Amino acid sequence: MAELLSIGQVAERAGLAPSALRHYEAVGLVTATRTAGGARRYPRSVLRRLAFVRAAQNVGLTLPEIRAALDTLPEGRTPSARDWARLSEGWRARLDEQIAALQQLRDGLTSCIGCGCLSLTRCALSNPEDAAAAQGPGARWLSPALRRVPPTSNAG
Ligand code: FES
């Protein structure tokens, strides 16, 4: 029988609090079996799922979005490299958008971003009297990907 890990072992290896593991189980991101005494036991493959959850959160996905993706993985067997590839392919467009947005942020912070501050000498030319405000709230000339409200780690 394959080695099973306790919640403490998984928490230590994954760098997560046990409470986070219990929350992830409650929202369906991971599952655990129980010993006769009720203690959680996890297959080693849960570590890859948890790494995937952490990475996905870091690129802005909500827990429900991550769960929907994980729900497409096969039941009853450890996901293969092909399974993971299919899953990440579904996020390619979103990741491409974020990469482009971050490049814009890296290269464009010296320019006026249409935020309404009017604090750079260029703002008087680029955004006279905060004309950008007519387009809506936020820094109007930053990519929409950078103006989204970030999900919280407990979203869902
Ligand atoms: S940088 Fe804020 S309005 Fe120009």
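These values consider heavy atoms only, across backbone and side chains, with no hydrogens, waters or symmetry-generated copies. Both ligands and their constituent atoms are indexed starting at 1 by order of listing. Here the structure is a predicted model, which is why all the values come from computation and not from measurement.
Of all protein atoms, those that are N, O or S and lie under 2.8 Å from atom 2 (Fe) of ligand 1 total 2.
With respect to Arg34 and Glu25, a salt bridge is recorded, a charged nitrogen being found less than 4.0 Å from a carboxylate O.
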side-chain contact (heavy atoms from CB on, under 4.5 Å) assessment of Leu4 paired with Arg44: CA-CA 6 Å; Leu4 295 176; Arg44 264 200 110 73; over 6 Å; no
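Between Val53 and Leu70, some side-chain heavy-atom pair lies under the 4.5 Å cut-off.
Residues that satisfy the salt bridge (charged side-chain N to carboxylate O under 4.0 Å, His left out) test with Glu129, not counting sequence neighbours, are absent from this structure.
Pairs engaging residues 94-134 under the ring-ring contact (aromatic ring centres under 6.0 Å, His included) rule: none recorded [sequence neighbours left out]. Applying the ring-ring contact (aromatic ring centres under 6.0 Å, His included) test to residues at least two apart or on different chains, the pairs with a partner in residues 26-65 are Phe52-Trp84, Phe52-Trp91.
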